[in-house]
Amino acid sequence: MNVENTFGTDQQTKYMANYLDALSSVERLHRLLLDVITDEFERLGHLELNAVQALLLFNIGDNEVTAGELKSRGYYQGSNVSYNLKKLVDMGYMHHQRCEIDRRSVRVKLTQKGREIRQAVARLFARHAEGLITQEILDGSSIDHISATLKRVERYWTDQIRYIY
């Protein structure tokens, strides 16, 4: 079934406009998130880290992972994961160690310095969550609905990559 068979022409046009607007919003929100993190780290004086690296540290948390697992677990979305991991190790934010079983693979985990950055990002996100609630921008049911909807879109796109082409 295609969009033309599902909707009339006016509905199809409106749906497509809303879909493209939603895609644009997701892209803008991701860029804004990186800008917000950058702003916070400039304020805190952490100038050696970029927002992508700080978000990577936040997402890894207490886990010990390989570079390949970073993408498969959704911790990292960029194409230059090896570069950022190397920089984070060189700056002392992460430990790295060869896997005992597969010597080609390297496992990484946060150092104390990396955990401090993770906590700074966690505090930033906690302030934002509190602000969204106190300013009545999003309540619990709204954030639940947004999260569930975005997960459904993510599953749909993942299926498109895995099973359609």
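Keep in mind it's a predicted model, so treat the numbers as computed, not measured. Throughout, residue positions are numbered sequentially from 1 according to the sequence presented.
Between V108 and V65 the shortest side-chain heavy-atom distance falls below 4.5 Å. By the 4.5 Å heavy-atom criterion applied to side chains, Y93 and L85 are not counted as neighbours. Residues L132 and I143 are not in side-chain contact: their nearest non-hydrogen atoms beyond the backbone lie 4.5 Å or more apart. Using a 4.5 Å heavy-atom cutoff, the side chains of F41 and I117 are in contact. In this structure, the side chains of V89 and H95 stay at 4.5 Å or more apart for every pair of heavy atoms. In this structure the side chain of I37 reaches within 4.5 angstrom of the side chain of L55, judged on heavy atoms.
Note on K14 versus D10: no salt bridge recorded, every NZ/NE/NH1/NH2 to OD/OE distance being 4.0 Å or above. By the 4.0 Å N-to-carboxylate-O rule, E116 lies too far from R123 to be salt-bridged with it. A salt bridge does not link E154 to K151: none of the charged side-chain nitrogens sits closer than 4.0 Å to a carboxylate oxygen. Comment: E48 does not engage K87 in a salt bridge, judged by the lack of any side-chain N to carboxylate O separation of less than 4.0 angstrom.
Hydrophobic clustering, with ILVMFWY side chains joined whenever heavy atoms are under 4.5 angstrom apart, groups L33 together with L49. Note on Y19 and Y156: same hydrophobic cluster, where clusters join Ile, Leu, Val, Met, Phe, Trp and Tyr whose side-chain heavy atoms are under 4.5 Å apart, directly or indirectly. Under a hydrophobic clustering in which Ile, Leu, Val, Met, Phe, Trp and Tyr are joined whenever their side-chain heavy atoms come within less than 4.5 Å, directly or via other members, V36 and V121 fall into the same cluster. Both W157 and Y15 belong to a common hydrophobic cluster when Ile, Leu, Val, Met, Phe, Trp and Tyr are linked at side-chain heavy-atom distances under 4.5 angstrom. The hydrophobic clustering, which links ILVMFWY residues whose side-chain heavy atoms are closer than 4.5 Å, places V153 and L23 together.
Annotation for D90: atom CG counts as buried by contact number, over 12 foreign heavy atoms lying within 6.0 Å. Within 6.0 Å of atom NE2 in H128, more than 12 heavy atoms from other residues, nucleotides or ligands are found, so the atom counts as buried in its surroundings. At most 12 heavy atoms of other shown residues, nucleotides or ligands fall within 6.0 angstrom of atom CD in E130.
In this structure, N63 contributes its side chain and I60 its backbone to a donor-acceptor pair below 3.5 Å. For R107 (side chain) and E64 (main-chain N/O), a donor-acceptor pair under 3.5 Å exists by modelled atom type. Using a distance-only test at 3.5 Å, with no hydrogens or angles considered, a donor-acceptor pair links the side chain of R115 to the main chain of L110. Between the D39 side chain and the D35 main chain, no donor and acceptor come within less than 3.5 Å of each other. Checked by atom type and distance alone, the side chain of K113 never pairs as donor or acceptor with a backbone atom of M94 at under 3.5 Å.
A distance of 3.5 Å separates OG1 of T66 from CD of E69, quoted to the nearest 0.5 Å. Of the inter-residue distances, the one linking Q119 atom CD with L124 atom CG reads 12.5 Å to the nearest 0.5 angstrom.
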Candidate pair L138 and I133, rule side-chain contact (heavy atoms from CB on, under 4.5 Å), full reasoning: CA-CA 6 Å; L138 282 176; I133 291 168; over 6 Å; no
List the steps and the verdict of side-chain contact (heavy atoms from CB on, under 4.5 Å) for V106 and Q97. CA-CA 5 Å; V106 174; Q97 181 178 5; 6.0 Å; no
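Donor-acceptor pairing under 3.5 Å is lacking for the side chains of T158 and R155.
Scanning all heavy atoms of the two residues, the minimum distance from L34 to A51 falls at O-CB, 3.2 Å.
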